[in-house]
Amino acid sequence: MIDLQPVILSGGSGTRLWPLSREHHPKQILRPFGEDSLLQATLRRLEGLGDGGLAVERRPLVVCNEEHRFLVAEQVRELGLEPLRLILEPAGRNTAPALTLAALAAQEGGRDPVLLVLPADHVVRDVAAFQEAARRAARSAAAGALVTFGVVPSAPETGYGYLRVGEAAGTEGLRRVAAFVEKPDAATARSYLEQGGYLWNSGMFVLRASIWLEALERCRPEILAACRRAYQGGRSDRDFFRVDPEAFAACPEDSVDYAVMERLAGRGDGPPLLVTPLEAGWTDVGSWAAFWEAAREEADEAGNVVQGDVQLHDCRGTLCVARHRLVAGVGLEGLVVVETADAVLVMPRHRAQEVKRVVEQLRRDGRGERLFHRRVYRPWGYYENLDEGESAGAERFLVKRIQVKPGAALSLQRHRERAEHWVVLRGRARVTLGDRLEALEVMELGPNESVDIPLGHIHRLENPGAEPLELIEVQTGPRIAEEDIERFEDVYGRVPERGAAGG
């Protein structure tokens with residue numbers, strides 16, 4: 001039996017799907033095509049894979065950005081899964097370091113499994129075809145090959161890199177990879193489609209952990225050395241594994257393709273580099289144009305794809321997504337319209353790659369719309385910003401709606417620059433309050449009851465009940481900022497941590 005270890009790479013934020021995805025609400029946790037998020041759909045794709053001589057580890061190895069740790073952990077738990085290890089990256093260093101951390105984790109306990117490496121944000125319509133390709137790839141990887149998935153192109157796509165395939169390798173239908181090709185212009189992409197012999201580079205891989213580490217040692221030894229130091233200096237923290245941040249910060253940034261695969265393609269020395277052709281309705285939802293393509297099954301006879309409360313008249317080839325209100329369009333052709341509570345995007349579909357320029361401008365302007373939605377999820381529940389502005393004098397105010405899960409609690413904390421007023425709407429609130437740690441008192445509040453939290457007072461909010469707790473919070477002070485928080489105790493392991501947002 002082949003020991004197969006799924007590895008889910010869940011880094012990145014998907015800026016080209018703004019405004020649905022945000023820096024702290026990445027695209028892999030979006031639910032664009034049903035009840036499952038993209039991450040959950042990736043995990044479900046593994047169900048039933050353990051046939052044909054594969055012993056598939058049910059517990060996935062997941063690598064994600066530290067900022068997304070609670071979101072990703074909650075997504076995995078919703079499926080009833082327990083990660084073998086949820087590895088946190090303190091900074092993004094691209095896919096080669098992420099895979100290396102996973103390979104080091106996979107070798108613990110004396111294992112040397114074959115790794116099935118999947119980005120968390122792909123769409124695959126034909127799961128059975130994907131699984132059969134994965135089984136073929138796993139058998140070749142178990143014999144020492146580095147295997148990638150090459151998607152049979154259905155259009156002259158300029159948003160993907162390509163693989164130029166070589167001769168057949170064995171009887172499994174795999175081919176040698178002759179070369180990796182950068183994203184082409186439209187004319188070159190058309191020529192690839194016409195002449196054949198080219199596949200889309202999917203960014204999915206199957207390889208044995210030790211073979212990957214040996215190949216990386218050969219091609220980019222400095223990446224391997226930095227990742228080893230970061231992993232060996234790491235520590236377990238509740239459900240997470242935190243690598244050493246200083247060692248990982250020193251790691252060069254590179255992708256799996258650039259670091260290793262392109263250097264080995266077409267060469268006779270080193271492990272064989274193979275590709276398994278894939279025809280499974282695959283899409284990398286990396287842009288709004290790709291989103292439209294992935295949802296083409298839902299399109300009307302004019303090629304329009306709509307989600308939410310949308311009314312279109314005389315429109316063609318348009319994607320329209322409404323999340324909070326009615327959106328109406330007249331005479332639109334080839335456009336993308338995306339509405340959220342705090343932002344609206346309108347653009348021609350063929351310019352979808354340019355959304356990242358808008359996000360870059362938001363970053364330069366210090367706009368919060370690049371970071372969060374109005375509703376921000378935390379391990380204890382969520383808060384939603386309702387209104388903000390200036391009150392009397394130089395004071396500012398911010399009004400939030402807060403929901404706390406049953407049995408959950410915010411950290412014991414205080415603020416230096418704002419006071420708060422809480423009004424319970426539903427459920428019961430347990431409030432701890434005092435001007436110093438030695439003088440804390442506990443009270444319980446029900447619906448229509450309220451409490452003031454004076455500036456500088458230590459406080460905590462808990463939900464002791466069996467139903468969600470909802471309340472309105474009004475913050476007032478000379479400066480309203482999420483980083484104005486000093487934690488004393490926290491059940492989610494966020495202490496000591498000055499300047500971490502969100503209760």
Side-chain angles (χ1 to χ4, degrees), residues 14-17 27 32-33 95 119 121-126 129-130 133 137 147-169 173-205 255-258 261-266 273-305 315-319 332-337 347-357:
T15 56
R16 287 176 294 178
L17 283 186
K27 69 174 180 176
F33 307 118
T95 54
D121 53 4
H122 291 180
V123 171
V124 175
R125 297 294 187 187
D126 189 341
F130 162 78
V147 186
T148 184
F149 292 78
V151 177
V152 178
S154 57
E157 177 61 56
T158 61
Y160 299 143
Y162 284 71
L163 305 171
R164 180 161 58 85
V165 301
E167 68 274 14
L174 276 69
R175 308 285 294 272
R176 293 191 181 275
V177 178
F180 283 72
V181 182
E182 294 295 324
K183 297 175 182 178
D185 58 27
T188 303
R190 284 194 296 272
S191 73
Y192 290 165
L193 199 62
E194 291 167 0
Q195 71 189 65
Y198 288 85
L199 303 172
W200 289 340
N201 182 7
S202 72
M204 301 185 292
F205 305 95
S255 68
V256 171
D257 288 342
Y258 284 141
M261 300 302 183
E262 291 191 10
R263 298 169 186 252
L264 297 180
L273 179 56
L274 309 181
V275 57
T276 179
L278 178 66
E279 291 186 270
W282 173 92
T283 306
D284 175 5
V285 191
S287 70
W288 284 114
F291 188 106
W292 179 76
E293 288 286 351
R296 287 290 294 277
E297 293 180 359
E298 306 169 13
D300 63 19
E301 59 185 14
N304 301 307
V305 174
C315 296
R316 290 177 295 279
T318 289
L319 169 65
L332 308 180
E333 185 168 356
L335 292 187
V336 172
V337 181
M347 67 177 175
R349 201 177 70 240
H350 71 272
R351 300 185 66 176
Q353 298 293 334
E354 298 177 46
V355 174
K356 60 184 179 181
R357 298 183 182 177

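Any value given below was found using the heavy atoms of this structure, including those in side chains, with hydrogens, waters and symmetry copies removed.
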Around atom [atom1] of [X], are there more than 12 heavy atoms of other residues, nucleotides or ligands at under 6.0 Å?
X: E298; atom1: CD; value: yes
X: Y258; atom1: OH; value: no
X: R125; atom1: CZ; value: yes

Measure the [atom1]-[atom2] distance between [X] and [Y] for me, rounded to the nearest 0.5 Å.
X: L163; Y: E262; atom1: CG; atom2: CD; value: 9.5 Å
X: T158; Y: D185; atom1: OG1; atom2: CG; value: 8.5 Å
X: N201; Y: R164; atom1: CG; atom2: CZ; value: 14.0 Å
X: L199; Y: L278; atom1: CG; atom2: CG; value: 9.5 Å
X: M261; Y: F180; atom1: CE; atom2: CZ; value: 6.5 Å
X: M347; Y: E354; atom1: CE; atom2: CD; value: 8.5 Å

Sub-3.5 Å donor-acceptor pair from the side chain of [X] to the main-chain atoms of [Y], do we have one?
X: R176; Y: E167; result: no
X: W288; Y: L335; result: no
X: T276; Y: G150; result: no
X: R16; Y: K356; result: no
X: K27; Y: V285; result: yes
X: T283; Y: V123; result: no
X: N304; Y: T318; result: yes

Of the non-hydrogen atoms in [X] and [Y], which two are nearest, and what is the gap between them?
X: A299; Y: V305; answer: CB-CG2, 3.8 Å
X: F33; Y: A294; answer: CZ-CB, 3.7 Å
X: F291; Y: P32; answer: CE1-CB, 3.3 Å
X: V147; Y: A137; answer: CG1-CB, 3.6 Å
X: A129; Y: E279; answer: CB-O, 3.6 Å
X: L264; Y: L273; answer: C-CD2, 4.3 Å

message = Using the side chain to side chain donor-acceptor pair (under 3.5 Å) definition, which of the options Y198, Y192, W200 pairs with Y162?
response = W200

ask   = Which of parallel (below 30°), tilted (30 to 60°) and perpendicular (above 60°) describes F149 and F130?
value = parallel

